[in-house]
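Take a look at the structure set out below.
In what follows, chains are A, B, ... by sequence order, proteins preceding strands, each numbered from 1.
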2 protein chains.
Amino acid sequence: MDFGIEKILKISELSEQTGLSAHTLRYYEKHGLINASNRSEAGYRFYNDSDLRRVQFVKTARNTGFSLADIGQLLSIRVDKRSHSCQDVTDITQKKLLEVSAKLTELQSMQQTLELLLESCCGGPENATHCSIMEALDAGLLRDDNKEARIIK
Amino acid sequence: MDFGIEKILKISELSEQTGLSAHTLRYYEKHGLINASNRSEAGYRFYNDSDLRRVQFVKTARNTGFSLADIGQLLSIRVDKRSHSCQDVTDITQKKLLEVSAKLTELQSMQQTLELLLESCCGGPENATHCSIMEALDAGLLRDDNKEARIIK
DNA sequence: TATAACCTTAGAGCCAACTCTAAGGTCAAT
DNA sequence: ATTGACCTTAGAGTTGGCTCTAAGGTTATA
Ligand SMILES: [Zn+2]
Ligand SMILES: [Zn+2]
Ligand SMILES: [Zn+2]
Ligand SMILES: [Zn+2]
């Protein structure tokens with residue numbers, strides 16, 4: 001067990017520890033994600049170790065791609081793990097993975113199109129009257145939302 | 001040469017032709033991307049073939065991932081190709097490719113992290129007291145914005 | 001005691017690209 | 001003449017996640 005003396009942090013110190021701005025910390029609090037378990041008489045927020053760990057959890061989840069709404073759900077599991085199952089956790093994670101994968105597919109298609117466009121154009125200083133990129137955009141033969149990426153050579 | 005009779009479209013017809021809503025077409029017009037070259041006496045927008053082609057250009061560019069600001073630039077090249085170079089076009093395209101690639105890298109990192117998380121969790125109905133996903137998020141050892149994705153087994 | 005550096009709150013602003021509403025005018029068909 | 005489907009405009013609302021401002025109160029240091 002760690003019986004080290006608990007460090008109490010003010011918001012700017014928590015900000016420093018976590019890399020999240022004080023504004024963002026207050027914003028997260030307003031949205032029910034985090035809290036300062038104590039306040040000074042003057043109303044200053046005081047964060048203890050447990051508060052800090054919760055904020056770090058939020059930050060890690062955020063970096064992993066979860067939305068604040070997702071994180072709200074993950075946090076409610078976190079505070080009462082006994083009432084939730086691994087499946088509850090994987091449901092959230094799986095949903096996020098599907099979102100990310102979908103976006104990835106879309107971006108990969110865009111990337112491919114942009115690469116093809118760049119390959120087709122000389123990129124030189126002569127005027128753009130016969131620029132193949134402009135022609136391709138004019139022809140409308142590039143990827144459509146539903147269809148596969150395709151470009152006519 | 002195509003001497004077919006020019007089809008004049010009202011906004012709902014242009015909407016049908018392009019798949020863009022009338023709202024969106026007006027929005028694009030307000031932002032200087034497109035225009036109706038004629039209006040009826042009552043003020044109804046009338047689009048000719050040239051207008052239609054321009055709208056289709058915008059739509060194609062949009063599908064390719066260009067922002068409306070990018071498209072504004074592409075359009076000003078399009079109306080005066082002689083005053084612009086292929087390099088002007090590739091500059092815009094290259095910039096967009098870099099943006100897309102950056103986002104792609106980020107999403108791939110998220111995808112990998114999420115996949116690792118899912119692999120590590122049983123996803124079963126027992127309670128989450130020892131859920132490895134929760135532990136990983138708590139440990140804060142997942143991908144950080146700058147660092148490579150990593151997760152402790 | 002004064003100055004600076006903190007802290008508080010409610011609420012506004014920002015970003016992109018729509019999306020929709022309100023209040024009204026137009027047009028074709030019945 | 002009256003539906004009802006269209007059209008017009010200015011402007012507000014949506015999304016998510018901040019980011020910042022204003023106006024004021026507190027605390028540490030010189
Ligand atoms: Zn060229
Ligand atoms: Zn070119
Ligand atoms: Zn499990
Ligand atoms: Zn689990």
Atom-pair distance ([atom1] on [X]; [atom2] on [N]), nearest Å:
X     : N      : atom1 : atom2 : value
A:R26 : C:dG11 : CZ    : P     : 16 Å
A:L25 : C:dT9  : CG    : P     : 13 Å
A:L20 : D:dG17 : CG    : P     : 14 Å
A:R39 : C:dC6  : CZ    : C1'   : 15 Å
B:F66 : C:dC18 : CZ    : C1'   : 20 Å
A:H31 : C:dT9  : NE2   : P     : 15 Å
A:I71 : D:dG16 : CD1   : C1'   : 12 Å
B:E29 : D:dC7  : CD    : P     : 14 Å

Could you tell me which residues satisfy salt bridge (Lys or Arg N to Asp or Glu O under 4.0 Å) with [X], sequence neighbours excluded, listed by chain and number?
X      : value
B:R78  : A:D138
A:K10  : none
A:D70  : A:K95
B:K103 : none

Tell me which nucleotide among D:dC18, C:dA17, D:dT8 gets nearest to the side chain of B:R62.
C:dA17

Out of C:dC18, D:dC18, D:dT8, whichever nucleotide has its closest atom nearest the side chain of A:Y27:
D:dC18

Out of curiosity, does A:I8 fall in the hydrophobic cluster containing A:V55 (side-chain heavy atoms, cut-off under 4.5 Å, transitive links)?
no

Taking B:F46 as the starting point, is it possible to reach B:L52 by hopping between hydrophobic residues whose side chains are less than 4.5 Å apart?
no

If you look at every strand shown and take non-hydrogen atoms under 4.0 Å, does A:S67 touch a base, only sugar-phosphate, or nothing?
sugar-phosphate

For B:Y28, report the nucleic acid contact type (base, sugar-phosphate, nothing); a contact means any heavy atom under 4.0 Å.
sugar-phosphate

Show the numbers, then the answer: is there a side-chain contact (heavy atoms from CB on, under 4.5 Å) between A:R62 and A:L68?
CA-CA 7 Å; A:R62 203 75 198 76; A:L68 299 189; 3.5 Å; yes

Let's see if you get this right: which residues in residues 88-104 of chain A place a heavy atom under 4.0 Å from DNA chain D?
none

With a 6.0 Å cut-off on the ring centroids, do A:Y27 and A:H23 count as close?
no

Distances under 3.5 Å only, N/O to N/O: pair up the protein atoms with those of nucleotides 22-29 of chain C.
from   : atom 1 : to    : atom 2 : distance (Å)
C:dG25 : N2     : B:Y44 : OH     : 2.7
C:dT26 : O4'    : B:Y44 : OH     : 3.3

Starting at [atom1] of [X], measure out to [atom2] of [Y] and round the result to the nearest 0.5 Å.
X      : Y      : atom1 : atom2 : result
B:L74  : A:L137 : CG    : CG    : 6.5 Å
A:C122 : A:H130 : SG    : NE2   : 11.5 Å
A:I34  : A:L25  : CD1   : CG    : 4.5 Å

For the helix from C:dT1-D:dA30 to C:dT30-D:dA1, what angle lies between the axis at the first five pairs and the axis at the last five pairs, to 10 degrees?
30°

Is a side-chain donor or acceptor of A:T64 paired with a backbone partner of A:T60 at a separation under 3.5 angstrom?
yes

Between protein and nucleic acid, restricted to nucleotides 12-14 of chain D and to nitrogen or oxygen atoms under 3.5 Å apart, what atom pairs and distances do you find?
none

Pairs satisfying side-chain hydrogen bond (donor to acceptor under 3.5 Å, both in side chains), at least one member in residues 38-48 of chain B, at least two apart
B:E29-B:R39, B:E29-B:R45, B:S37-B:N48

Across all chains, not counting sequence neighbours, the side chain to side chain contact (heavy atoms under 4.5 Å, CB included) partners of B:K7 are B:L9, B:D49

Using a cut-off of strictly less than 4.0 Å between a heavy atom of the residue and any atom of DNA chain C, enumerate the qualifying residues of residues 9-16 of chain A by number.
A:K10, A:I11, A:S12

Could you please spell out the steps behind the side-chain contact (heavy atoms from CB on, under 4.5 Å) verdict for B:L98 and B:Q94?
CA-CA 6 Å; B:L98 287 176; B:Q94 185 67 57; 4.2 Å; yes

Give the intermediate values and the outcome of side-chain contact (heavy atoms from CB on, under 4.5 Å) for residues B:N35 and B:D51.
CA-CA 7 Å; B:N35 204 29; B:D51 297 334; 5.5 Å; no

Does A:R45 have a side-chain nitrogen or oxygen under 4.0 Å from the phosphate oxygens OP1 or OP2 of C:dT8?
yes

Sorted by chain and residue number, the side chain to side chain donor-acceptor pair (under 3.5 Å) partners of B:S12 (sequence neighbours excluded) come out as none

